Number of protein chains: 2
Amino acid sequence: MPDAAPHRPQQRSAETREKLVEAALQVFAERGFEGATTRAIVDRAGVALAALPYHFKTKELLWRAVADHSFGRFAEQFSARIAGLEGVDSRTRLRLLLGDYVRFAASHPELHRFMQDASSESTERLRWLVEHHVRPMYETLAELAELPRTTGADAWHPGHLLYAVIGTVATPYAHAAEFELLTGERPDQKQLIDRHIDMLLGLFLPGSEGASHE
Amino acid sequence: MPDAAPHRPQQRSAETREKLVEAALQVFAERGFEGATTRAIVDRAGVALAALPYHFKTKELLWRAVADHSFGRFAEQFSARIAGLEGVDSRTRLRLLLGDYVRFAASHPELHRFMQDASSESTERLRWLVEHHVRPMYETLAELAELPRTTGADAWHPGHLLYAVIGTVATPYAHAAEFELLTGERPDQKQLIDRHIDMLLGLFLPGSEGASHE
DNA sequence: GTCTATATTATGATAGAC
DNA sequence: GTCTATCATAATATAGAC
């Protein structure tokens, strides 16, 4: 790591951008695009109000930067795993990917909340998001996991299967506060995450239970 | 139906309240609590701005009225079915309830969006919602469906199972705009709803497929 | 019970000093 | 690049006429 405290200008700038994007992801996920105020975002980022229009021009463009950042992190998280899946049989592939996805959703519940907020209306923002991030990700996943075929259920609509996986994986974490109030337990504890993965394997890949905690 | 056009005062009042609650449900679901403006709500309801504070005092109290209304309709939808389930074996019970739930979620995707918005932060609103509506509903369902036992999976955490069911059922409809942009098909068509139910039966009650479209 | 008009506060974005 | 101060608009809620 280079010298601390007073950084070079372009480094400070990059840090401010980074802080704004991370804070904006949280606030967009918590309060939705319309409910997220620029003041709440800059307060959480610990930067001045005017830093936001300086770096991103508008709230809308900040939102796009947040989407790029989040899907980038999602892809990054999986690229190492995916590289190691060459030649692995598709059942094992699915098992490993599902565990990864659950752990990702548990540590980044904001992504699913962000997506549901974007999907609640058919806006230009949503069209941009689908074409730039959702469709490319979907095509990669479909190819990699051969989703419809390996489950042995050709009759299932690929959209239903996709949203069933997303829904079962992400809902406990997207509704974490509700989950905790209802059950008294936090869904993002390691122990509960492992039980969650076991349940999902039982649901989507019967016979694969218990082999997920590597 | 009583006489049309110029109604009696208390009837007009009830109609205004009803229009406000229905409009507010849509707007809260689309834009979240913070993003929902009272102007957007009264515009959609077709009433004057001042009608909102007159009938509900604050946006917060309107939100509670929306929750009461939505969970009331949910319970109502199921009470007829539930009354007919006396003595029916629990597998059949689950099959029928699941189909009902999918059809409900397809025609009322707002309820799931409303819930996820409420769950995105641990607020006083969420606590109120869990204690007044979520927990009572959960206890009724758990009792009725004997959820954990009939699936033959005692090891599953009841919270995981609950949110897995909610997630698989509601996600395609909560993300309907995204689903349509991605697949080119609307998830709320009757044909796709029936395929969705078949998939869910295959997932949660293997062996029960195809018998759901009554 | 419902409306028009308005008080008050909060919002997104900008200007200009540093 | 970042800050303080500020503009123009839009928000929730209220007052008072009808």
Side-chain angles (χ1 to χ4, degrees), chain A residues 2-67 117 121 123-125, chain B residues 2-28 30-66 117 121 123-125:
Chain A
D3 53 41
H7 299 307
R8 299 195 321 282
Q10 64 264 48
Q11 190 176 344
R12 286 208 44 163
S13 175
E15 282 168 8
T16 299
R17 278 187 69 97
E18 173 74 19
K19 281 191 283 187
L20 277 168
V21 168
E22 272 297 339
L25 172 58
Q26 301 297 329
V27 178
F28 282 136
E30 278 173 12
R31 335 232 312 195
F33 179 81
E34 322 277 353
T37 68
T38 53
R39 277 174 172 77
I41 294 169
V42 298
D43 286 354
R44 189 173 302 204
V47 305
L49 182 56
L52 199 157
Y54 175 78
H55 284 283
F56 298 97
K57 194 67 188 168
T58 67
K59 184 176 162 182
E60 170 98 23
L61 291 174
L62 170 62
W63 183 89
R64 295 197 185 192
V66 167
D117 174 60
E121 278 182 287
T123 60
E124 186 49 43
R125 276 204 316 283
Chain B
D3 53 41
H7 300 307
R8 299 195 321 283
Q10 64 264 46
Q11 189 176 346
R12 286 207 41 158
S13 176
E15 282 168 8
T16 300
R17 279 186 68 98
E18 172 74 18
K19 281 191 284 187
L20 277 168
V21 168
E22 273 296 340
L25 172 58
Q26 301 297 329
V27 178
F28 281 135
E30 278 173 12
R31 335 235 309 198
F33 179 81
E34 323 278 352
T37 68
T38 52
R39 275 175 172 74
I41 294 169
V42 297
D43 286 353
R44 189 172 303 204
V47 304
L49 183 55
L52 199 157
Y54 174 78
H55 285 283
F56 298 97
K57 194 69 189 167
T58 67
K59 184 176 162 181
E60 171 97 25
L61 291 175
L62 170 63
W63 183 89
R64 293 197 185 192
V66 167
D117 174 61
E121 278 182 286
T123 60
E124 186 50 43
R125 274 203 319 282

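Nothing here was measured: the structure is a model prediction, and the numbers come from that model.
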Taking all non-hydrogen atoms of both residues, which atom of [X] and which atom of [Y] are closest, and how far apart?
X: A/L62; Y: A/L20; value: CD1-O, 4.4 Å
X: A/H55; Y: A/S13; value: CE1-OG, 3.2 Å
X: B/L61; Y: B/F56; value: CB-O, 3.2 Å
X: A/L52; Y: A/I41; value: CD1-CG2, 4.2 Å
X: B/A51; Y: B/T16; value: CB-CG2, 4.3 Å

May I ask you to establish whether B/R125 and B/F33 are in a cation-pi arrangement, using a distance under 6.0 Å from NZ or CZ to the six-membered ring centre and at most 45° from the ring axis?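 Yes, cation above the ring, under 6.0 Å and within 45°.
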In whole angstrom, what separates [X]'s [atom1] from [N]'s [atom2]?
X: A/F56; N: C/dA13; atom1: CZ; atom2: C1'; answer: 16 Å
X: A/E15; N: D/dT2; atom1: CD; atom2: C1'; answer: 14 Å
X: B/F33; N: D/dA11; atom1: CZ; atom2: C1'; answer: 13 Å
X: A/I41; N: C/dA13; atom1: CD1; atom2: P; answer: 10 Å
X: A/Y54; N: D/dC3; atom1: OH; atom2: P; answer: 12 Å

What's touching nucleotides 5-11 of chain C from the protein side, N or O pairs under 3.5 Å?
none

Closest to the A/P53 side chain: D/dG1, C/dT14, D/dT14?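 Looking only at heavy atoms from C-beta outward on A/P53, the closest nucleotide is C/dT14.
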Begin with the C-alpha distance, continue with both residues' side-chain angles, and end with the deciding distance and a verdict on side chain to side chain contact (heavy atoms under 4.5 Å, CB included) for A/V66 and A/F28. CA-CA 9 Å; A/V66 167; A/F28 282 136; 4.1 Å; yes
Which is more 5' along DNA chain D, the nucleotide nearest A/A48 or the one nearest B/A40? Just name the residue.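 The answer here is A/A48.
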Give me the bend of the helix from C/dG1-D/dC18 to C/dC18-D/dG1, using the axes of the five pairs at each end, rounded to 10°.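 Answer rounded to 10°: the end axes differ by 0°.
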Got a second to check how far B/R31's CZ is from B/D117's CG, nearest 0.5 Å?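 Rounded to the nearest 0.5 Å, the CZ-CG separation comes to 12.5 Å.
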Does the distance from a Lys or Arg side-chain N to an Asp or Glu carboxylate O, for A/R44 and A/E30, drop under 4.0 Å?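 The answer is yes: the pair qualifies as a salt bridge.
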Check whether B/K59 reaches the backbone of B/A36 with its side chain - one donor and one acceptor, N or O, closer than 3.5 Å.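 The answer is yes, because a donor-acceptor pair under 3.5 Å joins these two groups.
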Nucleic acid contacts - residues 17-26 of chain B versus DNA chain C, non-hydrogen atoms under 4.0 Å: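 Residues of residues 17-26 of chain B that come under 4.0 Å of DNA chain C do not exist, since none gets that close.
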Toward the 5' end of DNA chain C, by each residue's nearest nucleotide, A/K57 or B/G46: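 Counting from the 5' end, the first nearest nucleotide belongs to B/G46.
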